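Notes follow the structure.
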Amino acid sequence: MKKLIVANFKMNPGTERQAGSIARRIDFENIVIAPPFPFLGVVRENTNKASLGAQDVFWESKGAYTGEVSPSQLKNFGVKYVIIGHSERRKHLEENEGVINKKIKAALGVGLKVILCVGEPEEKGTSLDDAKRYVKKQLENGLSDIESSVSGRCSLIVAYEPVWAIGTGKNNTPERTEVMAIFIKEKAEKLLGKTVKVLYGGSVNSDNAILYLDGKNIDGVLVGGSSLKPNEMIKIARLVDDLG
Ligand code: PGA
């Protein structure tokens with residue numbers, strides 16, 4: 001199975017035209033492009049092979065929820081993947097585990113593939129045990145009671161992103177990432193009764209991506225800052241192709 005590359009544009013780029021031109025250049029089969037909501041259309045128009053992703057979703061299907069977007073609205077638009085529980089949303093929007101759990105259930109319920117983000121912040125300790133303890137809680141809370149909404153083929157992916165590695169240029173070591181990926185797979189399988197894919201995210205670029213893509217238990221990468229640089233993404237996509 002080819003490894004997956006998720007391009008998380010975050011609140012970038014500035015214009016629809018720029019989003020379209022980046023998308024056109026990074027239109028590869030194993031790439032998921034997750035632009036801000038207003039640019040989903042232009043990314044869809046400019047891609048044939050890449051999959052469309054969203055950076056968030058609400059848990060209700062319709063109604064008086066100003067500013068929110070429902071899972072079925074995304075699904076009907078052609079979105080295949082949705083990122084849920086990114087640490088930036090946990091921090092800036094105070095998104096808690098209960099909210100994340102509701103969003104995961106709703107998104108899986110309409111057939112979206114969920115990319116659940118987990119990862120320890122620096123202040124919770126930096127040892128491997130600290131990281132495991134923190135991520136275990138996030139998985140238990142986020143995945144609580146969702147076994148029944150995960151249909152046949154597992155549509156849940158976990159992105160392991162240590163918060164201290166996001167946007168800092170301080171990427172996690174591949175050895176530690178591999179250990180965490182195994183830990184997450186074991187834990188998620190216990191909770192869901194199914195295997196999950198695990199991605200690594202946190203200051204991934206074309207120079208360090210191979211360290212993670214080479215990992216036996218790491219099924220891909222989630223790229224933030226570098227995803228806005230087509231040349232970087234093209235190089236990462238080639239690495240994935242070379243791995244076969
Ligand atoms: P980064 O972001 O690649 O800029 O560190 C990763 C992410 O979106 O979580």
Side-chain angles (χ1 to χ4, degrees), residues 3-14 18-19 22-23 26 28 30-37 39-40 43 50-57 79 81-95 100 103-104 113-124 126 131 134-135 138-139 142 156-174 176-177 180-181 184 196-213 215 218-237 239-240:
K3 302 219 172 182
L4 193 67
I5 308 166
V6 179
N8 176 15
F9 283 5
K10 310 197 181 190
M11 204 169 69
N12 301 296
Q18 287 167 332
I22 298 170
I26 64 170
F28 300 102
N30 50 320
I31 291 191
V32 175
I33 306 178
F37 287 133
F39 301 157
L40 281 170
V43 169
S51 300
L52 203 53
Q55 296 176 19
D56 185 35
V57 69
V79 168
Y81 292 80
V82 60
I83 299 171
I84 295 180
H86 193 283
S87 65
E88 287 153 10
R89 296 195 60 81
R90 293 180 194 251
K91 179 176 173 208
H92 301 296
L93 291 128
E94 294 174 18
E95 217 168 80
I100 290 166
K103 289 183 174 185
I104 294 174
K113 288 178 192 281
V114 168
I115 302 166
L116 166 65
C117 298
V118 298
E120 75 286 3
E122 203 151 32
E123 61 272 20
K124 292 290 174 193
T126 47
Y134 194 84
V135 167
Q138 286 182 316
L139 291 173
L156 196 115
I157 297 165
V158 177
Y160 170 57
E161 305 199 292
V163 178
W164 50 266
I166 298 176
T168 57
K170 295 192 283 180
N171 54 305
N172 202 8
T173 64
R176 196 178 148 117
T177 306
M180 285 304 289
I184 290 166
V196 297
K197 284 187 180 161
V198 175
L199 314 179
Y200 168 71
S203 298
V204 173
N205 57 38
S206 64
D207 289 330
N208 62 31
I210 191 66
L211 302 175
Y212 306 102
L213 294 170
I218 305 168
D219 304 295
V221 286
L222 192 156
V223 189
S226 294
S227 72
L228 297 157
K229 301 176 189 152
N231 290 341
E232 284 285 285
M233 290 298 282
I234 291 166
K235 283 188 201 159
I236 299 173
L239 291 172
V240 170

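Read the numbers this way: they start at 1 and go in the same order the structure lists the ligands and their atoms. All values reported here derive from a predicted model rather than from experimental measurement.
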Students should be able to answer this: which protein heavy-atom is nearest to atom 4 (O) of ligand 1, and at what distance?
Gly225 N, 2.8 Å

Min heavy-atom dist Gly167 to ligand 1 below 4.0 Å:
yes

Tell me, please, which residues at least two apart from Ala23 pass side-chain contact (heavy atoms from CB on, under 4.5 Å).
Ile33, Val43, Asn46, Thr47

For Ser206, does its backbone N or O pair with a side-chain atom of Glu232 as donor and acceptor, under 3.5 Å?
yes

May I ask you to identify the nearest protein heavy atom to atom 3 (O) of ligand 1, giving residue, atom name and distance to one decimal place in Å?
Gly224 N, 2.9 Å

Judging by distance only, is a nitrogen or oxygen of Thr168 under 3.5 angstrom from one on ligand 1?
no

Any side-chain heavy atom of Ile84 sitting closer than 4.5 Å to one from Val57?
yes

Which atoms of ligand 1 have any heavy atom of Gly202 under 4.0 Å away?
5 (O)

Provide the number and element of each atom of ligand 1 under 4.0 Å from a heavy atom of Leu222.
7 (C), 8 (O), 9 (O)

Considering only NZ, NE, NH1 and NH2 on the basic side and carboxylate oxygens on the acidic side, decide whether Arg90 and Glu161 come within less than 4.0 Å.
no

Quick look: Asn8 vs ligand 1, heavy-atom contacts under 4.0 Å, and the answer is side chain

Ala34 backbone acceptor or donor facing Tyr81 side chain under 3.5 Å
no

Out of Glu161, Gln55, Lys10, the nearest non-hydrogen contact to atom 9 (O) of ligand 1 is supplied by Glu161

Would you check whether Ser226 reaches within less than 4.0 Å of ligand 1, judged by its heavy atoms?
no

Side-chain heavy atoms of Asn171 within contact of Tyr200, under 4.5 Å:
yes

Between Asn208 and Ser203 (side chain of the first, backbone of the second, donor and acceptor by atom type, cut-off under 3.5 Å), is there such a pair?
yes

For the residue pair Val32 and Leu52, what are the closest heavy atoms and their distance?
CG1-C, 4.4 Å

Ligand-residue contact atoms, ligand 1 with His86, heavy atoms, under 4.0 Å
7 (C), 8 (O), 9 (O)

Contact check: Val223 vs ligand 1, nitrogen or oxygen atoms, below 3.5 angstrom
no

